[in-house]
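Okay, structure first, notes after.
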Number of protein chains: 2
Amino acid sequence: MKVLTKNTDYAIRALLVLGTHEGEYVSARQISQQQGIPYQFLRRILQELNKNGLTTSREGAHGGVRLEKNPDAIRVRDVIEIFQGKVELSECMFRKQICANRASCVLRHEIMRIEEIVSREFGQITLGKLLTDLTKLNATATMEHTDEFEIINSGSHEKTDSNHR
Amino acid sequence: MKVLTKNTDYAIRALLVLGTHEGEYVSARQISQQQGIPYQFLRRILQELNKNGLTTSREGAHGGVRLEKNPDAIRVRDVIEIFQGKVELSECMFRKQICANRASCVLRHEIMRIEEIVSREFGQITLGKLLTDLTKLNATATMEHTDEFEIINSGSHEKTDSNHR
DNA sequence: TTATACTGATACTAAATTAGTATCATTTAT
DNA sequence: ATAAATGATACTAATTTAGTATCAGTATAA
Ligand code: FES
Ligand code: FES
């Protein structure tokens, strides 16, 4: 049971980067490298975040993407909904075809209840909270000599995205 | 965000049918028709339930599948796990690569917490409970003249599964 | 004024998962 | 014998997710 798709996962990680650079424009390239997210994939994700008003962008050299909304006003649920649609909609058109099939109905009720819970939970996690957690985590880790909030793992998939023409 | 796949959905509906015929063997064909589930697809699902000990089967004419475990001992979570794998495993190998990427880590913690909740919730819904709900639902519905627990909707996909040879 | 470093828009391909179909062998009741 | 069933397993189709590529346009700065 996969909860988050890469889209969402990458989006949130990108937002976390932006959150640690509030006010500044950060380029897709930078984020991609720092987080090991495929560049072109990330581009599309950022454009989507833009369209949804979570970020704004500046074109041209030294351009990039910047957090637009307050981190405390960005909920993980919002991000999920952008990339994976509403948490609630287990294809049950509620009462459209009023419980034609009772067996499904009974099940659906339970699923809807649980979806409700999940939705609420994800609605309570804000970017702000994640940023705080991250800071704390880095703080304790730093005391034991570890280096910056950066990626070490996954050697970026991409071969060579020669963006030169 | 899809929570249950068809596999799981059909499985539970099939189990509900079996639950209303405890002790008796019901054939895949019957269940398929009653619930509008593609016959061959359902066959495989039932075989899986068999292998996992939720049901037993009898071959030959008048054969079929029968509920083996007590409905109260069958949890929706079990069924989900059979067909969709554990609810918990957001690809985070916990501490294998000890939080190489802090950004993911922070997120994962929250996801794991929510997965925990979902798992617990699905673990609390038993087939027994669903059967009770179903009975209640049918009871009230019957008072207002509706007919049996049967399917009216989805005209079964299948063309003609001529199983004759 | 040109090269460079960016984003916008959008089309495309590849991989993985989910959904559904088909076939043949075997068992059992009648 | 025949029909009605399951066991095992291979296959195809549809959908979703993941990732790549391309071109046009904009801002900076040498
Ligand atoms: S309320 Fe959705 S099927 Fe009955
Ligand atoms: S605990 Fe899973 S990434 Fe840190």
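So that the names make sense, note that chain A is the first sequence line, chain B the second, and so on, each numbered from 1. For clarity, every value in this text was computed on a predicted model and none was experimentally measured.
- Nucleotide C:dT4 holds its P atom 19 Å from the CD atom of A:Q30, rounded to whole Å.
- Under a cutoff of 6.0 Å and an axis angle of 45°, A:R75 and A:F122 do not form a cation-pi pair.
- Taking only side-chain atoms of B:R44, from C-beta outward, the nucleotide of D:dA10, C:dT10, C:dA19 with the closest atom is D:dA10.
- Of the possible polar contacts, none joining the A:D72 side chain to the A:L127 backbone as a donor-acceptor pair under 3.5 Å is found.
- In this structure, the CG atom of B:N7 is 13 Å from the P atom of C:dT21, given to the nearest Å.
- Per the geometry, CD belonging to A:Q84 stands 7 Å off P belonging to D:dT17, to the nearest Å.
- Checking the phosphate oxygens (OP1, OP2) of C:dA19, a side-chain nitrogen or oxygen of B:T5 falls inside 4.0 Å.
- What separates CZ of A:F83 from C1' of D:dT16 is a distance of 16 Å, to the nearest Å.
- In the set C:dC12, C:dT7, C:dT21, C:dT7 carries the atom at the smallest distance from any side-chain atom of A:V65.
- Scanning for side-chain hydrogen bond (donor to acceptor under 3.5 Å, both in side chains) contacts around A:K129 gives A:D133, B:E110, with sequence neighbours left out.
- Put simply, A:Y25 has no side-chain N or O that comes within less than 4.0 Å of OP1 or OP2 on C:dT7.
- Nucleotide C:dG8 holds its C1' atom 11 Å from the OH atom of A:Y39, rounded to whole Å.
- Against DNA chain C, the stretch residues 48-64 of chain B makes heavy-atom approaches under 4.0 Å through B:E59, B:G60, B:A61, B:H62.
- Distances were taken from every side-chain heavy atom of B:Q47 (C-beta onward) to each of D:dT20, D:dG7, C:dA19; the shortest belongs to D:dG7.
- Closest to the B:R43 side chain, of the nucleotides D:dA18, D:dA5, D:dA8, is D:dA8.
- Nearest nucleotide to the side chain of A:Q40, out of C:dT21, D:dA18, D:dA21: D:dA21.
- B:L42 has its CG atom 13 Å from the C1' atom of C:dA19, to the nearest Å.
- Under a 4.0 Å N-O distance rule, the pair B:R66/B:E22 does not qualify as a salt bridge.
- Counting only distance, with no hydrogens or angles, the side chain of A:S32 and the backbone of A:I37 share a donor-acceptor pair below 3.5 Å.
- If you measure from atom CG of A:D9 to atom P of D:dA18, you get 9 Å, rounded to the nearest angstrom.
- The distance between atom CD1 of A:I45 and atom C1' of C:dA9, rounded to the nearest whole Å, is 16 Å.
- A:E115 has no carboxylate O lying under 4.0 Å from a charged side-chain N of A:K86, or vice versa, which leaves the two without a salt bridge.
- When each of A:E81, A:Q84, A:R13 is paired with A:T8, the side chain to side chain donor-acceptor pair (under 3.5 Å) condition holds for A:Q84 and for no other.
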